[in-house]
**Q** 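Quick one: the structure is below, and I'll ask about it shortly.
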There are 2 protein chains.
Amino acid sequence: MTVTLADVAARARVSPATVSRVLNGNYPVAASTRDRVLRAVDDLDYVLNGPASSLAAATSDLVGILVNDIADPFFGIMAGAAQSEIGGPGDGSGRAGGEKLAVVCNTGGSPARELTYLTLLQRQRAAAVVLTGGALEDPVHQAAISAKLARLADAGTRIVFCGRPPLPGGGAVAASLAFDNRGGGRRLTEHLVSLGHRRIGYVAGPRERTTTRHRLEGHREAMRAAGLYGEGNGSTAHPDLERLTVHGPYDRRSGYEATLELLRRDPGVTAIVAANDTVALGAGAAVRGQGLRIPQDVSVAGFDDLPFSVDAVPALTTVRLPLFEAGARAGRLAMGKETPPPGGIATIAAELMVRDSTAPPRTG
Amino acid sequence: MTVTLADVAARARVSPATVSRVLNGNYPVAASTRDRVLRAVDDLDYVLNGPASSLAAATSDLVGILVNDIADPFFGIMAGAAQSEIGGPGDGSGRAGGEKLAVVCNTGGSPARELTYLTLLQRQRAAAVVLTGGALEDPVHQAAISAKLARLADAGTRIVFCGRPPLPGGGAVAASLAFDNRGGGRRLTEHLVSLGHRRIGYVAGPRERTTTRHRLEGHREAMRAAGLYGEGNGSTAHPDLERLTVHGPYDRRSGYEATLELLRRDPGVTAIVAANDTVALGAGAAVRGQGLRIPQDVSVAGFDDLPFSVDAVPALTTVRLPLFEAGARAGRLAMGKETPPPGGIATIAAELMVRDSTAPPRTG
DNA sequence: ACAGCCGTAGCAAGCGCTTTCTACAGGGCA
DNA sequence: TGCCCTGTAGAAAGCGCTTGCTACGGCTGT
């Protein structure tokens, strides 16, 4: 049926072993022999049998990239960047070595699917796995993930976190690139406070996610530092702070509805901070829907600085995360092309981008 | 080292064959035996060796989804929908059968990478491949793709096109879901014409792509039908039509720059039609940057109706493509869960969404 | 009561590669 | 001239699983 190594060997009048060695380039082969083999490969249009190869060599060239939501550019940008570092040398025809199959797997934010994908990847004996985005904080799930990653790791799979905080135990993970969500959140709210805002509504992401919590903690740090809403710490916030916080998924609809809710709870809010830019878009729509102007009546801010944010009207004040750079670095780490940061953990800075959607509150 | 089928067999006191049959559920096994085996699997935390399994069975559970730009929600939405249909029954723990590993591969629009991924998938003996989005029209590349797909197909891989026109020859492809880009483009321009616009700038996508061409052809059909810019057909358009068309990649920057160019070439344009919503965002920014108001001075329209379009200010008039539905259907087709449309080709309707970014031109 | 089945389980032969070990031809050196 | 080393190629033993075929016990049918 399909062409096998043996067929190529026969045509090139060498042994299968030699063909294998030519293809893998990991053993000296005389130039004339190599040419003969390569010609035979071309003539027969031979394609290596991946499973057989992986079985015999006990390794595969699959690299998995797990994302929470593939339709969200936040993940798309990171995944694309990672993939570009993994997918072999440039986009050349290169039948050369390092060719890996970088694939992205969409968990939809579901812990069960995350685990399923990890198992599938383990089954394929993946060479590396990159986990992107915030993690669920449920201890049961976290333990399951840890265990799974440990097994993957000692089967030789390299594990990299990208935009995801390190595991409590550390353990199996080769490298963690974590965004400074807390710092970014803090600086964003500081900016608002410094403009004169006091009543700031916060549209948070889904509960129990590290990203959500860190950004929210940064926000509250800034609020408290400004002497607003007294003491209290992460878990026990001042009641007014709780009242001005609404949780929801990371999508525009959630931003829209949460903002309406916020405006209802306290018609006096002068600023809305959203969990991310997509949510901020929905928030902005809700604000305008109430007949309020941005930023004159209500300031709106996002997080991530996705490409569309600069084109929003008015241009969105947000926190820039170097998604592309982080994804690319994660890809290199996964390939072993870059040495991990000291301690295996790197924190990636988040930069405040002040644009036109925030301004001082209306006096009076 | 790692646990093998034989280990499980030993622990369950059965033969490896029996374990395999329990796991695959394709052969009668006594209930008591099955239980024993499953317990052993759990006890040992056994995970099937995918490559070995694929080798022996001559099939794999990999399904590849090729996209042009993973950071673009246009593709993300389709890919996510397809993946959700492929990834097994719900997100359940399901160690059940149909579990496939749906993976998305980002070609970045590069023909070479597209081919590379196809080869990699062929190497893995993928169960199915879904190709999404417009295709390059270069005959050489098209022939290469056709040949590759033919080989994949007769190695048993199911091929599905989603949002991509059928191959000239038809051939290997099991099913093609094609968007009615031409019709959508036509209706969009008809809408503008009916509002009274005559000088309409067109920011087209990259050359030599089916999507670009079809949308542009639809636009020109409408222009000619309105008696504007005389005759001429697809390839030989009226010079003025050419002058009001600028090509560029599918990103906001391209939209921005192309629009500036269009405004320079003819300061009298009263409407800008963009290749897609992302480009339209950039176009809108350029229009405003020139001190012009949307839609009072210049109308702007997009294509795709991505989620953010409704939140643009003003809300974007565009053409809605049912990306999620199409992706899901493609996923089902790839899994063989749905019978292909007659002739293997289905055209998916595109619906005009009139919103606030288009209005009659200023009289005088 | 015996032949024949049906329901289960095991045997063993691969699937198409990789890789260790062995073989062999030249060439350099003493 | 003879020996050993280097460079190159082949033989063959798996890698861990699937599956066609065989085996065997107990039931059914007559």
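As the structure is a computational prediction, the values presented were derived from the model and not from experiment. First the proteins, then the strands, lettered A, B, ... as listed; each starts at 1.
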**Q** My understanding is that only residues two or more places apart in sequence, or in another chain, count here; which of them pass side-chain contact (heavy atoms from CB on, under 4.5 Å) with A:A56?
**A** none
**Q** Compare side-chain N and O positions of A:T33 against OP1 and OP2 of D:dA9 and report whether any pair is under 4.0 Å apart.
**A**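 Indeed, a polar side-chain atom of A:T33 lies that close.
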**Q** Based on the rotation axes of five pairs at each end, what angle does the helix from C:dA1-D:dT30 to C:dA30-D:dT1 bend through, to 10°?
**A** 40°
**Q** A:N49 has an atom CG; how far is it from atom P of D:dC15, in whole Å?
**A**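 The answer, rounded to whole Å, is 18 Å.
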**Q** B:A147: which residues meet the side-chain contact (heavy atoms from CB on, under 4.5 Å) condition with it, sequence neighbours left out?
**A** none
**Q** Could you check how far CZ of B:R13 sits from C1' of C:dG10, rounded to whole Å?
**A** 15 Å
**Q** Taking only residues two or more places apart in sequence or in another chain, which ones pass side-chain contact (heavy atoms from CB on, under 4.5 Å) with B:Q142?
**A**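 If we apply the side-chain contact (heavy atoms from CB on, under 4.5 Å) test to B:Q142, skipping adjacent residues, the hits are B:P168.
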**Q** Grab the CZ-P distance between A:R125 and D:dC17 for me, whole Å please.
**A** 8 Å
**Q** Hey, what are the protein-to-nucleotides 23-25 of chain D N/O distances that come in under 3.5 Å?
**A**
none

**Q** Can you check the A:R123 CZ to D:dG16 C1' distance for me, whole Å?
**A** 14 Å
**Q** Are any of the side-chain nitrogens in B:R164 or B:E114 under 4.0 Å away from the carboxylate oxygens of its partner?
**A**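 Result for this pair is yes, salt bridge flagged.
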**Q** Is there a donor-acceptor pair under 3.5 Å between the side chain of A:E85 and the backbone N or O of A:R332?
**A** no
**Q** May I have all residue pairs that pass salt bridge (charged side-chain N to carboxylate O under 4.0 Å, His left out) and include part of residues 130-153 of chain A, sequence neighbours excluded?
**A** A:E137-A:R213, A:R151-B:D45
**Q** Can you pull out every salt bridge (charged side-chain N to carboxylate O under 4.0 Å, His left out) where at least one residue sits in residues 15-39 of chain A? Sequence neighbours excluded, please.
**A**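 Every candidate salt bridge (charged side-chain N to carboxylate O under 4.0 Å, His left out) pair involving residues 15-39 of chain A fails, so no pair, neighbours aside, qualifies.
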**Q** Between the side chain of A:T132 and the main-chain N/O of A:C162, is any donor-acceptor distance below 3.5 Å?
**A**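 No, because the side chain of A:T132 does not come within donor-acceptor range (under 3.5 Å) of the backbone of A:C162.
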**Q** Between A:T33 and A:V29, is there a donor-acceptor pair closer than 3.5 Å when you use the side chain of the first and the backbone of the second?
**A** no
**Q** Determine whether A:F161 and A:I159 make a side-chain contact, defined as any pair of heavy atoms from C-beta on separated by less than 4.5 Å.
**A** yes
**Q** Mind calculating the distance between CG (B:L5) and C1' (D:dC15) to the nearest angstrom?
**A** 13 Å
**Q** To the side chain of A:L55, which of D:dG16, C:dA9, D:dT8 is closest?
**A**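 From the listed options, D:dG16 comes nearest.
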**Q** Has the side chain of B:S54 got a donor or acceptor atom that lies under 3.5 Å from a matching backbone atom of B:G50?
**A** yes
**Q** Which listed nucleotide (D:dT8, C:dG16, D:dC17) is nearest to the side chain of B:L48?
**A** D:dC17
**Q** Using side-chain contact (heavy atoms from CB on, under 4.5 Å) as the criterion, list what pairs up with B:P340, not counting sequence neighbours.
**A**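 B:P340 satisfies side-chain contact (heavy atoms from CB on, under 4.5 Å) with B:A175 once adjacent residues are dropped.
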**Q** Which pairs, with at least one residue in residues 2-17 of chain B and sequence neighbours excluded, count as a salt bridge (charged side-chain N to carboxylate O under 4.0 Å, His left out)?
**A** B:R11-B:D43
**Q** Between the protein and nucleotides 19-22 of chain D, which nitrogen or oxygen pairs come in under 3.5 angstrom?
**A**
{"residue": "D:dG20", "atom": "O6", "partner": "B:R21", "partner atom": "NH1", "Å": "3.1"}

**Q** List the atom pairs, donor and acceptor, that lie under 3.5 Å between side-chain atoms in residues 57-69 of chain A and the rest of the protein, sequence neighbours left out.
**A**
{"residue": "A:S60", "atom": "OG", "partner": "A:L62", "partner atom": "N", "Å": "3.1"}
{"residue": "A:S60", "atom": "OG", "partner": "A:Q124", "partner atom": "O", "Å": "3.3"}
{"residue": "A:S60", "atom": "OG", "partner": "A:R125", "partner atom": "O", "Å": "3.2"}
{"residue": "A:D61", "atom": "OD1", "partner": "B:Q124", "partner atom": "NE2", "Å": "3.2"}
{"residue": "A:N68", "atom": "OD1", "partner": "A:T107", "partner atom": "OG1", "Å": "3.4"}
{"residue": "A:N68", "atom": "ND2", "partner": "A:G134", "partner atom": "O", "Å": "3.4"}
{"residue": "A:D69", "atom": "OD1", "partner": "A:A71", "partner atom": "N", "Å": "3.0"}

**Q** Go nucleotide by nucleotide along DNA chain C from the 5' end; which of A:Y46 and B:R34 gets its closest nucleotide reached first?
**A** B:R34
**Q** N/O contacts under 3.5 Å, protein versus nucleotides 23-25 of chain C?
**A**
none

**Q** Is any side-chain nitrogen or oxygen of B:S53 closer than 4.0 Å to OP1 or OP2 of D:dC17?
**A** no
